[in-house]
Amino acid sequence: MGIKKGMTKVKVLIVGSGGREHAIAASVAKSKKVDEIYCAPGNAGIGMIAQCVPIGAMEFDKIVAFAKEKEIDLTIVGMDDPLVGGLVDELEKAGLRAFGPRKNAAILEGSKAFSKDLMKKYHIPTAAYETFDTSDAALAYLETAQFPIVLKADGLALGKGVLICKDLEEAKEGVKTIMLDKQFGSAGNRLVIEEFMTGREVSVLSYVDGKTIKTMTSAQDHKRAGDGDTGLNTGGMGTFSPSPFYTKEVDDFCKKHIYQATVDAMASEGREFKGIIFFGLMLTEKGPRVLEYNARFGDPEAQVVLPRMKNDIIEVMEACIDGHLDEIDLQFEENAAVCVVLASEGYPVKYEKGFVINGLEKFEGQDAYFCFHAGTKKTDQGIVTNGGRVLGITAKGKNLKEARENAYAAAKWVDFENKYMRHDIGKAIDEA
Ligand code: AMP
Ligand code: GLY
């Protein structure tokens, strides 16, 4: 199988069901090379531009069988769990083409202990750390540590396995939560204890073909649930792109010490990385440091980055798979975008679902406004809320200020019971 030379139209399957996958699907739908788009399992919004199939992202056998049956030319795996679990390997074993890292490379996101050891070995700037396999060893270490300190569950924990502890007492409680109570499941079998850093955070997403890396325009997420960065950590309440804090100087530093160094380190370890590397960076007084790696597009970073990309996404992804990304001239629009997440009141803890969403039609035919669905479902009553994060309202503008005004204006176009959003997405740009 595969994309045959001279064949212009391809059939694409996207794996995932969030706002990120909707943004990917929207980019794929714009591609001149695409014939049919499927999504497993998708959501109500994705269903407007793709055929959704009721197969879960972790049902590897069913995904492979579906891709074979439909003669899918390219499967794009959007989510971390199936990547870390080896879905790309399974697809390739069946002779199918897939975009995303194989299991042995997705470990860059799947194990924080792995990624920290990699950075240490290859001198990639990051916070100092120690790794622990037992709670006793972790507790003994904490007795002599400096505070605040950061505890990280080793494995995938829906972005929630990081605890910032202000003193010894909190840290001891944190070790219990992660390693003994197993609040994040087996992700907490190992623990990384890390130096606390301060500075502004920036996300940089990149395409990688195993050798070459091309970074996309920068973005910034807002992880806390409440205005002014208060409340609990969430999957992300909104984003803006580009980040005015990601200066040429920062970019030069990261190009020299972080981006290519990471790709080369993975290759040296026999873990060739093809797909997306998401660099979570902190701009500290001592310079940029890697906070974390992800092996996929960010959510909601994808919702502000992809709408600004000028290239045909299928061409770029094919270049990553085939190892000729160096031939691609990656280009982004010279504008800005802001995404405001509309969530269900109570997210990320407890919230109700099943409320009808009104006003979605206002986004039809718009090209500077996007309504990316995250937790939505189509029912006989119409499209209803079906998750904590419900929609991502993205708007473009000539600059960040205008994009923010547009996004907040468009956030009013839709309505549903218990609608909740932050009101300060992109406020930091006023300080820039
Ligand atoms: P991570 O999942 O590793 O990105 O961590 C989630 C969030 O925790 C980050 O976005 C930061 O806000 C914070 N964080 C992680 N590591 C550190 C650190 N070493 N120092 C300060 N904050 C951190
Ligand atoms: N927005 C952060 C992430 O996707 O992990």
Side-chain angles (χ1 to χ4, degrees), residues 16 18-21 23-24 78-81 83-84 106 108-116 119 125-131 145-166 171 174 178 184 187-188 191-205 216 218-225 229-241 243 276-286 288-306 339 341 343 348 372 374 388-389 392 394 422 425 428:
R20 164 184 48 218
E21 285 75 27
I24 294 171
M79 291 171 74
D80 45 1
D81 283 306
L83 288 167
V84 171
L108 190 63
E109 170 164 7
S111 167
K112 292 201 191 278
F114 170 85
S115 68
K116 294 296 291 188
M119 287 187 263
T126 188
Y129 74 101
E130 297 283 341
T131 304
Q146 286 194 340
F147 295 89
I149 205 158
V150 185
L151 308 187
K152 297 187 173 184
D154 177 48
L156 293 183
L158 296 169
K160 295 184 185 118
V162 175
L163 304 176
I164 294 171
C165 306
K166 67 174 185 311
I178 295 175
F184 311 108
L191 180 74
V192 172
I193 301 188
E194 195 173 280
E195 165 202 6
F196 174 77
M197 304 186 292
T198 52
R200 204 168 274 288
E201 290 183 41
V202 184
S203 304
V204 175
L205 280 55
M216 299 179 227
S218 60
Q220 186 180 320
D221 193 5
H222 299 66
K223 288 204 167 105
R224 307 291 283 275
D229 288 331
T230 55
L232 293 171
N233 257 323
T234 70
M237 293 299 296
T239 38
F240 59 83
S241 171
S243 164
I276 303 291
I277 300 183
F278 166 137
F279 298 86
L281 303 170
M282 187 173 267
L283 310 180
T284 75
E285 270 182 354
K286 290 189 219 147
R289 299 284 181 268
V290 177
L291 275 176
E292 64 160 347
Y293 292 117
N294 294 317
R296 45 154 181 96
F297 281 102
D299 191 349
E301 282 87 345
Q303 288 93 306
V304 285
V305 169
L306 286 176
C339 172
V341 169
F372 296 119
R389 290 192 291 179
T394 294
R422 272 183 66 162
I425 302 301

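Starting from 1, each residue takes its place in the sequence as its number. When a ligand or atom number is given, it counts from 1 through the structure's own listing order.
Those atoms of ligand 1 that come under 4.0 Å of a heavy atom in Lys152, given as number and element, are 3 (O), 15 (C), 16 (N). Applying the 4.0 Å criterion to heavy atoms of Glu301 picks out, from ligand 2, the atoms 1 (N), 2 (C), 4 (O). Remark: ligand 1 atoms within the under-4.0 Å shell around heavy atoms of Ile164 are 13 (C), 22 (N). For ligand 2 and Gly235, the ligand atoms under 4.0 Å from any heavy atom of the residue are 1 (N). Counting the atoms of ligand 1 from 1 in the order shown, those under 4.0 Å from a heavy atom of Glu194 are 16 (N), 17 (C), 18 (C), 19 (N). Near Phe196, with a cut-off below 4.0 Å to any heavy atom, the atoms of ligand 1 are 20 (N), 21 (C).
Contact between Asp221 and Pro300 at its shortest, heavy atoms only, is OD1-CD, 3.6 Å.
Distance from atom 21 (C) of ligand 1 to its nearest protein heavy atom, with residue and atom name: Met197 O, 3.1 Å. Among protein heavy atoms, atom 2 (O) of ligand 1 sits closest to Glu292 OE1, 3.3 Å. Looking from atom 5 (O) of ligand 2 to the surrounding protein, the closest heavy atom is Arg296 NH2, 3.0 Å. Scanning the protein for heavy atoms near atom 5 (O) of ligand 1, the closest one is Val162 CG2, 3.4 Å. Ranking protein heavy atoms by distance to atom 14 (N) of ligand 1, first place goes to Leu291 CD2, 4.0 Å.
Tyr293 and Phe278 have their aromatic ring centers separated by at least 6.0 angstrom.
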Side chain to side chain contact (heavy atoms under 4.5 Å, CB included) assessment of Met216 paired with Ile276: CA-CA 10 Å; Met216 299 179 227; Ile276 303 291; 3.8 Å; yes

Apply side chain to side chain contact (heavy atoms under 4.5 Å, CB included) to the pair Glu194 and Lys112, showing each step before the final yes or no. CA-CA 11 Å; Glu194 195 173 280; Lys112 292 201 191 278; over 6 Å; no

Side chain to side chain contact (heavy atoms under 4.5 Å, CB included) between Glu292 and Val162, intermediate numbers included: CA-CA 11 Å; Glu292 64 160 347; Val162 175; over 6 Å; no

Passes side chain to side chain contact (heavy atoms under 4.5 Å, CB included), Lys116 versus Thr131? Steps please. CA-CA 9 Å; Lys116 294 296 291 188; Thr131 304; 5.6 Å; no

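Here's the thing with Lys223: none of its N/O atoms is less than 3.5 angstrom from an N/O atom of ligand 2. By the 3.5 Å distance cut-off applied to N or O atoms, Arg20 is not counted among the residues near ligand 2. An N or O contact shorter than 3.5 Å is missing between Glu292 and ligand 2 by distance.
Under the 3.5 Å distance criterion, the side-chain polar atoms of Thr394 are matched with a main-chain donor or acceptor of Gln303. Looking at Thr284, its side chain never comes within 3.5 Å of a backbone N or O of Thr198 through a donor-acceptor pair. The backbone N or O of Gly236 lies less than 3.5 Å from a partner atom in the side chain of Arg389, making a donor-acceptor pair. Remark: side-chain polar atoms of Arg289 are not paired, donor with acceptor, to backbone N or O of Ala127 under 3.5 angstrom.
In this structure, Arg289 has no heavy atom closer than 4.0 Å to ligand 1. At least one heavy atom of Gly298 sits less than 4.0 Å from an atom of ligand 2. Within the structure, the closest approach of Ser203 to ligand 2 does not fall below 4.0 Å when heavy atoms are considered.
If you check the side chains of Ser111 and Asp154, you find a donor sitting under 3.5 Å from an acceptor.
The heavy atom nearest to atom 2 (C) of ligand 2, considering only Asp80, Asp221, Asn294, Thr239, is found in Asp221.
The proximity of Glu201 to ligand 1, defined as any non-hydrogen pair under 4.0 Å, is limited to the side chain. Of the heavy atoms in Thr198, none comes closer than 4.0 Å to ligand 1.
Among Arg224, Lys223, Arg200, Arg422, the one residue that satisfies the salt bridge (charged side-chain N to carboxylate O under 4.0 Å, His left out) test with Asp229 is Arg422.
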